[in-house]
Enquirer: 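One structure, pasted below without further comment.
Just so we're on the same page: letters track the sequence lines, and every chain starts at 1.
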Amino acid sequence: MNFNNELVHWYQQNKRDLPWRNTTDAYTIWLSEIILQQTRVEQGLPYFNRFLENYPDVGSFAAASEDEILKLWQGLGYYSRGRNMLKTAIMVKEVYDSKFPQNYDQLIKLKGIGEYTAAAIASFSSNEAKAVVDGNVYRVIARYLGIAEPINSTTGKKIFQQTANDLLNKKNPAIHNQAMMELGAIICKPKNPACGICPVRTDCYAFTHNATNSLPVKLNKVKVRERYLNYFLITDSDKVLVNKRNQSDIWANMYDLPLVETTSLMDPGELLRLPMVTDFFGNNVEVTEISPIKKHVLTHQRLYVRLIKIQNMPSKLQEQWFYTPVEELKKLAVPKIIFIFLKNIFNL
DNA sequence: AAAGCGGGGGC
DNA sequence: GCCCCAGCTTT
C-alpha cells in the first residue's frame, strides 16, 4: 500500500470525533479554522461551541459589534482573529449575499484567511484539491521525507507547500487533509512521537534514520521583551475608571485600566513621582492598596503587572478613559491577566 | 524578511 | 524554562 492509502485507512479507524468534522458548511468550518489557528483543539472547542450558538450563521455574525465578538473571544488570545472575523462576516454578507465562499481564490482574499485556512475551508466544504500545510503537516512531511529545510524560512515554506501539493490525494482532498493533520496531532507529535503505532513508519525517513528529534528544523529565536504594567484602580462610588486600549499594541481595542508603563521594576514611591503619574493624578497620590506583582507570559513579552488602588481622581480624563458601573464592567472584553485582578476585586 | 500578536499545556 | 499549538497581518 502507498502512503495515501495507509494514511486514510489509519485516519478512518482512529480519528477523533470533532464537531466541525460533521459538516460541510463553509461558515461553520471557517469558525472552527480561525479559532484553531495557533490554538489546541481542547482549548478552542468550548469557544467554537459558544460562537456557533451565539452566531448560527454568517448573517448573525455580521450583525454583531466588535465589543461583543471580543467579549466572546476573551481568554483565547490573538484577538485580531476575532476582529478580522467580523470584517470577513460583513464582507460575506455584502459581497456574497451571506453565502460563505467555498473556493480557495475567493477565500484567500478575505481578512484573517491565509493559505492554510483557505485550503482548509475549500477542501472541507467543497473537496477542492488544495493541500493544507499547518504545524502538523510540516512535521509529518519533514520527518517522512527527511526534509531538513527550515519550515519557517521563505524557501522552506515554498518547498513544504509544493511537497504537500504533490502528496495530496486529488480524489479526496478533504479526507487527505484531515488525515495529514490528525496523524501529526496524534502520532507524529513534536515530542515523543508514537512511531511504534504509526501507519507509515516503514517508509518514514525520520523513523528509519532515528531522526525524529532533529526534524523538522526551525530557526526561530523570539526575543522576549519585559514590560512593567502599573495599573491604577480608581473608583467613584459604584463606578470604575476604565481604559479602552488602542490599535497598536497587545490587546487592541480591548479594555483595561489607567496604566503607567515602565521598562524596569520601580518601587511604588519612585513610580508615584514619575511625571506621567503626577500629570494624571497630581503630586500627592493617596495610595490605599498595592497588589503583589503578577507575572504574565506572552509569546514575545513577559509582563509584570500590579494594581495600585488610589483615592485621587484624575484632574482630567484621557480621551480613552471612562467611568463604568461594575455591572457593565462584566460585559467588556478584558485581557486574561486583567480579568483575574478584576474578578478578585469585584467578584465578577 | 522580520516582527508582532495570547494563552495554555507538555515535558 | 523551552517548545509548540488546524497562522495571519503589518512593518
Enquirer: Determine the contact category for Thr117(A): base if any of its heavy atoms lies under 4.0 Å from a base atom, sugar-phosphate if only primed atoms, P, OP1 or OP2 are that close, otherwise nothing.
Expert: sugar-phosphate

Enquirer: Any base atoms under 4.0 Å from Asp249(A), or only sugar-phosphate, or nothing? Heavy atoms, all strands.
Expert: sugar-phosphate

Enquirer: Counting heavy atoms from C-beta on, name the nucleotide in dA3(B), dC5(B), dG7(B) closest to the side chain of Pro335(A).
Expert: dG7(B)

Enquirer: Expressed as a whole number of Å, how far does the P atom of dG10(B) sit from that of dA6(C)?
Expert: 13 Å

Enquirer: Which residues pass the salt bridge (charged side-chain N to carboxylate O under 4.0 Å, His left out) test with Asp236(A), sequence neighbours left out?
Expert: none

Enquirer: Counting any heavy atom closer than 4.0 Å, what does Gln178(A) reach on the DNA or RNA strands: base, sugar-phosphate only, or nothing?
Expert: base

Enquirer: Under 3.5 Å, is there any donor-acceptor pair linking the side chain of Thr299(A) to the base of dG6(B)?
Expert: yes

Enquirer: When all nucleic acid strands are considered with a 4.0 Å heavy-atom cut-off, which category describes Gly184(A): base, sugar-phosphate, or nothing?
Expert: nothing

Enquirer: Measuring from the side chain of Arg81(A) (C-beta onward, heavy atoms only), which nucleotide among dG7(B), dG7(C), dG6(B) has the closest atom?
Expert: dG6(B)

Enquirer: Separation of Gln74(A) atom CD from dG7(B) atom P, in whole Å?
Expert: 9 Å

Enquirer: What is the pairing partner of dC2(C), taking Watson-Crick or G-U wobble pairs with both distances under 3.5 Å in any strand?
Expert: dG10(B)

Enquirer: Considering only the P atoms, how many Å lie between dG6(B) and dT11(C), rounded to the nearest integer?
Expert: 15 Å

Enquirer: Can you check the distance between dG8(B) and dT9(C), where both ends of the measurement are the C1' atom (answer in whole Å)?
Expert: 23 Å

Enquirer: Pick base, sugar-phosphate or nothing for Arg21(A), based on heavy-atom distances below 4.0 Å to the nucleic acid.
Expert: base

Enquirer: Please confirm whether Lys130(A) makes a cation-pi placement over Tyr104(A), using NZ or CZ under 6.0 Å from the six-membered ring centre and within 45° of the ring normal.
Expert: yes

Enquirer: Can you figure out which of dA1(B), dG7(B), dC5(C) approaches the side chain of Thr154(A) most closely?
Expert: dA1(B)

Enquirer: Of the nucleotides dA6(C), dT10(C), dC5(B), which one has an atom closest to the side chain of Gln301(A)?
Expert: dC5(B)

Enquirer: Closest-nucleotide mapping onto DNA chain B: is Lys191(A) or Gln37(A) further toward the 5' terminus? I mean the 5' end.
Expert: Gln37(A)

